[in-house]
**Q** 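Sharing a structure, written as structure tokens. Questions coming.
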Amino acid sequence: MIIEPKTRGFICLTSHPEGCKSNVLSQINYIKDHPTANGPKRVLVIGASTGFGLASRITSAYGSNASTIGVYFEKPPTDGRPASPGYYNSAAFETQAHKDGLYAKSINGDAFSNAVKAQTIKLIKEDLGKIDLLVYSLASPVRQHPDTGEKFKSTLKPIGQTFTDKTVDFHTGEVKEITIEPCNEQEIKNTVAVMGGEDWQFWINALQENDALAEDFKTVAYSYIGPSLTEAVYRKGTIGRAKDHLEATAFKIKDQLKAINGEAYVSVNKALVTQASSAIPVIPLYISLLYKVMKEEGIHEGCIEQIERLFNERLYAENMTLDSEGRIRVDDLEMREDIQAKVLELWKIATTETLPEIGDLEGYNTDFFNLFGFKVDGIDYDKDVNEMVTVPGLQ
Ligand code: NAD
Ligand code: NA
């Protein structure tokens, strides 16, 4: 079939297998040129199909020949209806990995559930024995608690006071004011339940109970801080509380892993266009200004460059510097004082009229469509493609 982008609000309802494949192959090529010395060999990635998780899987596989198991929640194709992009990404990754003689299997299901944990651990025990890295890269709006069955929904709201500032509709380029009412206590709890560290902890517990963690095992989860501009809705809002919880969980896990000389970290990553971040108010405007400034300085990075740096200059480097809160920082370039000062200046003058000039709206837009395999260089979108692609290592 011929597949075209169909957008609704912050999401794109269709995705293109050839475009997704091309994105995956570009990331693979980037990592082939940037291998990791002493990198991991047996890796489990939770949230492995898109964004930072996919980049982590590719960096493990092609940076240090790791066997990878990916867990994700994606929609397979049905006749006449394309799959979600993470499904096509995983198909492309596993097809290429198998061609290159790399072990790559995956589980498509709810990572929060006990069933998916049990299935994953069974696979690890049968095929790999133990793992030496777990990357936790979930981004989800909802979670069902595996034991109580309770359903939680996360929100993106300020705490304590109403927030009003600018945002952009990146499809139309319209800059407008947005007002978000503060959350209530329950919404904080729910957001922490979805995006906090409890499920990461549950994965570690289950893996450890089943003796699936190797000596010197490492685990890393991803966080974000960002500038004061986005603080009220991000770091000091409901999602920020969840990130605080995630970061605190790293210390608990580290303690728990002493017997195997294990390490647990949170890595603070750069703001990037992903399915998760395009849904956050204010962030798209910030990102389009940030992209402009970072590209001008020649220091722009995407997910793969971020994760490559995380592996090669932090996690598997001889010595790793942490911030005062014990976190890994690969948002160092985004947070550079000169970069933030420039973004702040641009923010003040950003309007519908000025944004095309002062911001990288086009870069934002391209990145957004790229997530779904559209607007990818070299792809002929008028050509018939087979949407019924399969993921070869899918269990
Ligand atoms: P993403 O939307 O690209 O990836 C989310 C992944 O989680 C996908 O693989 C998806 O299939 C999987 N997933 C979602 N719900 C699931 C479920 N119930 N069971 C199994 N898999 C499920 O998101 P991303 O932007 O790569 O985010 C990953 C992490 O990085 C998040 O913790 C996010 O907060 C963090 N982060 C993002 C940014 C950013 O700007 N995008 C910056 C810093 C940190
Ligand atoms: Na991810």
Side-chain angles (χ1 to χ4, degrees), residues 10 46-47 51-53 110-112 135-148 150-165 167 178-205 219-256 264-272 274-284 286-287 322-331 334-335:
F10 303 118
I46 313 294
F52 286 112
D110 182 8
F112 296 129
V135 176
Y136 190 82
S137 187
L138 278 192
S140 174
V142 288
R143 171 175 175 229
Q144 179 164 29
H145 197 279
D147 301 326
T148 66
E150 199 178 341
K151 286 183 182 152
F152 304 102
K153 218 174 138 286
S154 73
T155 46
L156 296 157
K157 290 189 182 180
I159 297 173
Q161 56 201 23
T162 304
F163 170 83
T164 302
D165 208 329
T167 190
I178 180 174
T179 294
I180 313 170
E181 296 303 325
C183 65
N184 58 42
E185 275 305 310
Q186 195 54 46
E187 289 172 318
I188 299 177
K189 285 201 186 111
N190 291 349
T191 306
V192 171
V194 179
M195 287 298 285
E198 188 181 47
D199 182 62
W200 184 23
Q201 176 81 64
F202 284 180
W203 271 100
I204 297 292
N205 294 351
T219 185
V220 63
Y222 299 139
S223 188
Y224 183 65
I225 296 176
S228 53
L229 275 174
T230 61
E231 214 165 47
V233 276
Y234 197 93
R235 195 61 208 211
K236 290 191 175 158
T238 46
I239 183 71
R241 289 295 177 85
K243 292 301 187 190
D244 290 345
H245 187 270
L246 184 78
E247 291 172 13
T249 304
F251 294 104
K252 282 199 197 153
I253 293 175
K254 188 160 191 230
D255 276 345
Q256 191 178 328
Y265 297 102
V266 157
S267 171
V268 182
N269 300 348
K270 171 186 194 262
L272 278 170
T274 64
Q275 290 181 75
S277 68
S278 20
I280 307 178
V282 192
I283 298 275
Y286 169 70
I287 290 185
L322 300 173
D323 72 7
S324 59
E325 312 290 317
R327 302 171 293 210
I328 296 174
R329 303 296 294 265
V330 287
D331 66 339
E334 168 182 356
M335 298 310 285

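This chain uses plain numbering: 1 for the first residue, then up along the sequence. Predicted, not measured: the structure shown is a model, and the values here were computed from it. Hydrogens, waters and symmetry mates are skipped; everything else that's a heavy atom, side chains included, is used.
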**Q** Does T191 reach the main-chain N or O of I239 with its side chain, forming a donor-acceptor pair under 3.5 Å?
**A**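 Checking the backbone N and O of I239 against the side chain of T191, no donor-acceptor pair under 3.5 Å is found.
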**Q** Does a donor on one side chain sit under 3.5 Å from an acceptor on the other, for W203 and T219?
**A**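 No, no side-chain donor-acceptor contact under 3.5 Å.
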**Q** Hey, is the main chain of N269 close enough, under 3.5 Å, to the side chain of S267 for a donor-acceptor pair?
**A**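 Looks like no, no N/O pair under 3.5 Å.
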**Q** Working to the nearest 0.5 angstrom, can you tell me the gap between C183 SG and R241 CZ?
**A**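 Between atom SG of C183 and atom CZ of R241 there are 7.5 Å.
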**Q** Which residue pairs pass the salt bridge (Lys or Arg N to Asp or Glu O under 4.0 Å) test when at least one of the two sits in residues 222-237, sequence neighbours left out?
**A**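 For residues 222-237: E231-K236, R235-D244, R235-E247.
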**Q** Run the side chain to side chain contact (heavy atoms under 4.5 Å, CB included) test against Q144 and tell me which residues pass, sequence neighbours left out.
**A**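 For Q144 the side chain to side chain contact (heavy atoms under 4.5 Å, CB included) partners, ignoring immediate neighbours, are K151.
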**Q** If you look at every heavy atom in H145 and F152, which pair is closest and at what distance?
**A**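 Result for this residue pair: CB-CE1, 3.8 Å.
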**Q** Hey, does I280 have a side-chain heavy atom less than 4.5 Å from the side chain of F10?
**A**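 No, every pair of side-chain atoms sits at 4.5 Å or beyond.
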**Q** Going through the checks in order, is the side chain to side chain contact (heavy atoms under 4.5 Å, CB included) test met by T155 and N190?
**A** CA-CA 8 Å; T155 46; N190 291 349; over 6 Å; no
**Q** Quick one: does T230's side chain get under 4.5 Å of I283's, heavy atoms only?
**A**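 In short, these two side chains touch, coming nearer than 4.5 Å.
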**Q** May I have the step-by-step check of side chain to side chain contact (heavy atoms under 4.5 Å, CB included) for W200 and V266, ending in yes or no?
**A** CA-CA 11 Å; W200 184 23; V266 157; 4.1 Å; yes
**Q** Do L322 and I328 touch side chain to side chain, with heavy atoms closer than 4.5 Å?
**A**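 Yes, close enough: below the 4.5 Å cut-off.
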**Q** Test your reading of the model: is there a side-chain donor-acceptor pair from T167 to the backbone of P281, 3.5 Å cut-off?
**A**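 No; zero donor-acceptor contacts below 3.5 Å.
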**Q** State, yes or no, whether a side-chain contact exists between M335 and V268 at a heavy-atom distance under 4.5 Å.
**A**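 A side-chain contact is absent here, since even the closest heavy-atom pair is not under 4.5 Å.
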**Q** Working to the nearest 0.5 angstrom, can you tell me the gap between M195 CE and L156 CG?
**A**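 Taking CE in M195 and CG in L156, the distance rounds to 9.0 Å.
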**Q** Within the structure provided, determine whether F112 and L138 are in side-chain contact (heavy-atom separation under 4.5 Å).
**A**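 Side chain of F112 against side chain of L138, heavy atoms only: contact under 4.5 Å found.
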**Q** Which atoms form the tightest heavy-atom contact between G53 and S137, and what is the distance?
**A**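 For G53 and S137, the tightest heavy-atom pair comes out as N-OG, 3.2 Å.
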**Q** Between L272 and F52, is there a side-chain heavy-atom distance shorter than 4.5 Å?
**A**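 Sidechains of L272 and F52: in contact.
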**Q** Quick one: OH on Y222 to CG on D331, what's the gap to the nearest 0.5 Å?
**A**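 Going from the OH atom of Y222 to the CG atom of D331 covers 13.5 Å.
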**Q** With rounding to the nearest 0.5 angstrom, report the NZ to CD1 distance, K270 to I287.
**A**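 Going from NZ on K270 over to CD1 on I287, the span is 8.0 Å.
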**Q** Check whether any side-chain heavy atom of Q201 sits under 4.5 Å from a side-chain heavy atom of I253, and report yes or no.
**A**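 Yes, side chains in contact.
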**Q** So how far is it from E198 CD to T249 OG1, rounded to the nearest 0.5 Å?
**A**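 It is 9.0 Å, given to the nearest 0.5 Å.
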**Q** Show me the pairs that pass salt bridge (Lys or Arg N to Asp or Glu O under 4.0 Å) and involve residues 180-191, at least two apart or across chains.
**A**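 Every pair satisfying salt bridge (Lys or Arg N to Asp or Glu O under 4.0 Å) with a residue in residues 180-191: K157-E187.
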**Q** Which pair of non-hydrogen atoms, one from S278 and one from P284, has the smallest distance, and what is that distance?
**A**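 What the structure gives for the nearest pair is O-CG, 4.1 Å.
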**Q** Could you check whether any side-chain heavy atom of E334 comes within less than 4.5 Å of a side-chain heavy atom of Y224, counting everything from C-beta outward?
**A**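 Counting from C-beta outward, E334 and Y224 do come under 4.5 Å.
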**Q** Between atom CG of D199 and atom OG of S140, what is the distance when rounded to the nearest 0.5 Å?
**A**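 Between atom CG of D199 and atom OG of S140 there are 9.5 Å.
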**Q** Taking all non-hydrogen atoms of both residues into account, name the closest pair between I46 and A111 and its distance.
**A**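 Looks like CG2-CB, 3.7 Å.
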